[in-house]
Amino acid sequence: MKERIPAFAVIGHPNEGKSSIVSTLAEDDSVRISPIPGETRRCREYPVTVDGREVIRFIDTPGFQQPRATLQWMIDNPGPEMEMLADFITDHRPDHDFFDECELLSPLADGAGIIFVVDGSRPVRSVDKIEMEILRLTGLPRMAVINTKEKNRAEFLDDWKSEARKHFNTIRLFDAKRATYAERIDLLESLKGIDPDWQPALVEVIDAFKNDWDQRLIDTSTILMDLLAQASRYAVKKTCPDEALIPEIKKTLQETYRTDIDRLENAAHKNIRKRFKHNIFNYEFPPTSILNEDLFSKKSWRVLGLRQWQLVAAGGAGGGAVGAKIDLVTGGQSLGLFAAIGGLIGAGSALLGLQQAARSKVKGLPLGRMEIQVGPVKNEQLNYVLTNRVLIYFSHVINWAHSRRDTPEAAPSSRNSITANFTSQWSATQKKLFTKFFKALQKEDGIKISMLKPQVTALLIDTLKSISLLKQPLE
Ligand SMILES: Nc1nc2c(ncn2[C@@H]2O[C@H](COP(=O)(O)OP(=O)(O)OP(=O)(O)O)[C@@H](O)[C@H]2O)c(=O)[nH]1
Ligand SMILES: [Mg+2]
């Protein structure tokens, strides 16, 4: 290699998923992927940068068009491998029929490693063996990646494995469309094994990836805490010249309050998605996902808020405080809320959360005018609902391979066992910590906020890590 940055060319037959693998590994959703074979006609490099520094590079290439003639030429022109590749390209550049071969072999002539992609859901053909043999003759470090496009077709896998073993240093199964962060790291780990000379550089790459991932979790927790700080203090006001207009103005203000909090939430979600390098992540959540519900809907609050016993636990200090807490939460509508919490009221689009979250008050002003204010929130349910929604959003973002361009399928029923209310798994102590933090945010108590922040950050990062380990989105 000319430089220390490891470079891997992703090579294969047309339409096997080369560009999809590049997109997923490089976390680049701008890579062109298409069901029509021959989409990629030119090599293109996709550098992966961490902290502005390029650590590894993947090269997307066109598929083989003339494998038989290429192999024959190689057999007829043996020689030192690098010279052979350079000579092949010089000889064939003027011939349009070999345009794709010249393109795909040029990164190899520059010494790139090879990631050979095959679709394991179809049988091995003679042309595949020819392509594998061409790559073996390059003498470059190489790995075969079996990307099974049709998931339920495993009958050819053994054939692929035994054929690939003859030509490659390492073989991996990898799902370009569903690979998680951990699976991407696993693939890099196995790349280490393809050539001892590359091992130190790849160890550095893996370290850089892991540190970068940890930093993304820290950033996600910061984005969430900023959202909670903004939402917990947010209020809208308007002066009202006439008492008769109060109900109408209050209604408008409530609507403004609601859309403004929605906007804050959307901005936080967008920041998280950007942090995970998703630019075209504009997809529908699975139909069963609670994220399809309005932030202030009854259902969101019922599913994502604290349960009654959890409120009691989080309230903590003795009976009096518990009573006060329930009062605060119910805001005078105890029956309604607790019926909703208990799940007695079915899912509906009524904005229960809004009334619970934002207090409205009317203040007299001179000259008979009044000021109406909606917010700030008094109810820590909003904190939990926003937090759980960020956690669900995060779980979708991290499990969305960058090569996916379609909409999600409905989740299989086994997945429903994972609760969307992830914070319900926090211990009573952790909930108390979160409650204290919420109160400090509301009071804008800087000293308390900075005192609690390290513990809250640690709690959030632990939570984000557990969600990453699930390897599937929360509903
Ligand atoms: N279901 C499924 N489809 C896949 C998978 N990998 C790739 N595809 C689809 O297969 C088609 C080809 O994928 P690409 O990544 O463009 O393949 P390619 O090898 O780069 O193709 P060319 O550039 O034409 O040589 C696209 O429609 C992809 O969405 C997979 O793991 N599962
Ligand atoms: Mg392609």
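Counting starts at 1 for both ligands and their atoms, following the listed order. For reference, positions follow the sequence shown, starting with 1.
Judged by distance alone, the side chain of T61 and the main-chain N or O of V10 form a donor-acceptor pair under 3.5 Å. Judged by distance alone, the side chain of T24 and the main-chain N or O of A176 form a donor-acceptor pair under 3.5 Å. Checked by atom type and distance alone, the side chain of D128 pairs as donor or acceptor with a backbone atom of R125 at under 3.5 Å. Using a distance-only test at 3.5 Å, with no hydrogens or angles considered, no donor-acceptor pair links the side chain of H92 to the main chain of E101. With hydrogens and angles ignored, the 3.5 Å screen pairs a side-chain donor or acceptor of Q430 with a backbone N or O of S427.
Nearest protein heavy-atom contact of atom 7 (C) of ligand 1 is S20 OG, 3.4 Å. In this structure, the protein non-hydrogen atom closest to atom 31 (O) of ligand 1 is N147 OD1, 3.0 Å. The nearest heavy-atom contact from the protein to atom 2 (C) of ligand 1 is K149 O, 3.6 Å. Considering only non-hydrogen protein atoms, atom 16 (O) of ligand 1 sits nearest to S34 N, 3.2 Å.
Residue K177 approaches ligand 1 through these ligand atoms, each under 4.0 Å from one of its heavy atoms: 4 (C), 5 (C), 6 (N), 7 (C), 8 (N), 28 (C), 29 (O), 30 (C), 31 (O), 32 (N). Taking every non-hydrogen atom of D175 and a distance limit under 4.0 Å, the qualifying atoms of ligand 1 come out as 31 (O). Contact atoms of ligand 1 toward K18: 15 (O), 17 (O), 18 (P), 19 (O), 20 (O), 21 (O), 22 (P), 25 (O) (distance under 4.0 Å to a heavy atom of the residue). The ligand atoms of ligand 1 that sit less than 4.0 angstrom from a heavy atom of T40 are 23 (O). Listed by number with element, the atoms of ligand 1 under 4.0 angstrom from any heavy atom of N15 are 11 (C), 12 (C), 17 (O), 18 (P), 19 (O), 21 (O), 22 (P), 24 (O), 25 (O). When each atom of ligand 1 is checked for a heavy atom of P37 under 4.0 Å away, the hits are 24 (O).
The minimum heavy-atom distance between Q455 and L433, with the atom names listed, is OE1-CD1, 3.6 Å. Considering every non-hydrogen atom in both W198 and G111, the closest pair reads CZ2-O, 3.8 Å. Shown here for A112 and L140, the closest heavy-atom pair between the two residues is O-CD1, 3.5 Å. Nearest heavy-atom pair, S289 versus H396, reported as atom, atom and distance to 0.1 Å: OG-NE2, 4.3 Å.
Residue E16 has at least one N or O atom closer than 3.5 Å to an N or O atom of ligand 1. Checked by distance only, ligand 1 and R32 stay at 3.5 Å or farther apart across all their nitrogen or oxygen atoms. In terms of polar-atom proximity, P14 is not counted as a contact of ligand 1, lacking any N or O under 3.5 Å from an N or O of the ligand.
For the 3.5 Å distance criterion, the side chains of T387 and T423 fail to qualify, holding no donor opposite an acceptor. Donor-acceptor pairing under 3.5 Å is lacking for the side chains of Q215 and N211. E380 and T435 are linked by a side-chain donor-acceptor pair at a separation below 3.5 angstrom, with hydrogens and angles left out of the test.
At least one heavy atom of I36 sits under 4.0 Å from some atom of ligand 1. The shell of residues lying under 4.0 angstrom from ligand 1, judged by heavy atoms, includes G38. The shell of residues lying under 4.0 angstrom from ligand 1, judged by heavy atoms, excludes G12.
For the Mg ion (ligand 2), protein N, O or S atoms under 2.8 Å: 2 in total.
Nearest to atom 27 (O) of ligand 1 by heavy atom, out of P35, S403, S121, A176, is P35. With P62, G63, G17, S19 as candidates, the residue nearest to atom 20 (O) of ligand 1 on a non-hydrogen basis is S19.
W301 and Y384 have their aromatic ring centers separated by at least 6.0 angstrom.
With a 4.5 Å cut-off on side-chain heavy atoms, L104 and K18 do not count as touching.
Using a 4.0 Å cut-off between charged nitrogen and carboxylate oxygen, R172 and E189 do not count as a salt-bridge pair.
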